[in-house]
Amino acid sequence: MDVLTEGVELSHADVALLAELAKGVTVDRVGRRLDISGRTVRRRLRGICDRIGVATAIEAVAWAARRQLI
C-alpha cells in the first residue's frame, strides 16, 4: 500500500528511504541498508523530489516530516 498526501503518492519504500536520510545516514549507507546501490538511492530520491515538487533531499525530508510520514 502506498501513502497518498496532497495528491502525491509515495511508496512505503520511498518513505523508508526518506526516514533513513532524516536520521543522517549517508546515501551510500541507505543503499546498503535497503540492499540497493547508492546510485539507485540517488535516482529514487530525484524521483521523489520531482513528485513532491522540491529541489533537494533536505527539502524532501522536511516535506515528509511536516506531514508526519517519518
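Below, all heavy atoms of this structure are taken into account, side chains as well, without hydrogens, waters or symmetry copies. Owing to the predicted nature of the structure, the values given are computational and were not obtained by experimental measurement. Index from 1, following the sequence.
The salt bridge (charged side-chain N to carboxylate O under 4.0 Å, His left out) analysis of residues 12-21, with sequence neighbours excluded, yields the pairs D14-R44, D14-R51, E20-K23, E20-R33. Identified under the salt bridge (charged side-chain N to carboxylate O under 4.0 Å, His left out) test for residues 52-64, with sequence neighbours left out: none.
In terms of heavy atoms, A57 sits closest to C49 at N-SG, 4.1 Å. Summarising the geometry of A64 relative to L18, their closest heavy-atom pair is CB-CD1, 3.9 Å, with the distance given to 0.1 Å. Across every non-hydrogen atom of G38 and V27, the tightest pair is O-CG1, 3.6 Å. Between V61 and A22, the shortest heavy-atom contact is CG1-CB, 3.6 Å.
Using a cutoff of 4.0 Å between basic side-chain nitrogens and carboxylate oxygens, R46 and D50 are scored as salt-bridged.
In this structure, the side chains of H12 and L69 stay at 4.5 Å or more apart for every pair of heavy atoms.
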Does the pair L21 and I70 meet the rule for a side chain to side chain contact (heavy atoms under 4.5 Å, CB included), with working shown? CA-CA 10 Å; L21 290 173; I70 56 174; over 6 Å; no
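Note: L17 CG to I36 CD1 = 6.0 Å, rounded to the nearest 0.5 Å.
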